[in-house]
Amino acid sequence: MDNIDYTRIAIGLGVLLILLAAFYWGMRRLSGTTRLGKWRPGQRIGLVDMAPVDGTRRLVLVRRDRVEHLLLLGDDGDLVIESGIPVEEPEPAAETGSRGWPSLRLGTDRRQEDRRQDDRRSGDPKTGGTDA
């Protein structure tokens, strides 16, 4: 009982974690639902969302091009609940720098533009102001 080999325990635990990760990755790969709600550029059709209603039926939201369709799928048949739902395009993201952080360039440009306008109002000839 005094001779516990911690190295073997650590290696065994590491191997177990690797096997669990491989099993998880394999199940996600085989299930086919890894990209639920995520869109690749150029993709035209896909499954947006899915919600179980009861043990045998589920609601499914399918997107084709820029139109979504709500379907009720079950053992006794499939039913179109709503068709032709227009997809709202998300607003474009803020300008990002090279590391993915929002760029502060817009704020700097705005401050420089404000200075130019102030100089024009004050009549400074160096900055393009008018003499009054």
Y24: side chain to side chain donor-acceptor pair (under 3.5 Å) partners, not counting sequence neighbours: R28

Contacts of D5 that satisfy side-chain contact (heavy atoms from CB on, under 4.5 Å) - sequence neighbours left out: T7, R8

Spatial distance of atom CD1 (I9) from atom CG (L13) [nearest 0.5 Å]: 9.5 Å

Contacts of type side-chain contact (heavy atoms from CB on, under 4.5 Å), residue L79, not counting sequence neighbours: L72, I81

Which residues share a side-chain contact (heavy atoms from CB on, under 4.5 Å) with D65, sequence neighbours left out: R44

Shared hydrophobic cluster for L70 and V53 (ILVMFWY, side-chain gaps under 4.5 Å): yes

Over all atoms of both residues, closest heavy-atom pair of H69 and S83: ND1-OG, 2.9 Å

Interatomic spacing from CG in D49 to CD in E68 - rounded to 0.5 Å: 9.5 Å

Qualifying residues under side-chain contact (heavy atoms from CB on, under 4.5 Å), relative to V60, sequence neighbours excluded: L47, M50, R58, V62, L73

For D76, salt bridge (Lys or Arg N to Asp or Glu O under 4.0 Å) partners two or more places apart: none

Other ILVMFWY residues reachable from I11 by side-chain steps of under 4.5 Å: V15, L19

Other ILVMFWY residues reachable from I18 by side-chain steps of under 4.5 Å: none

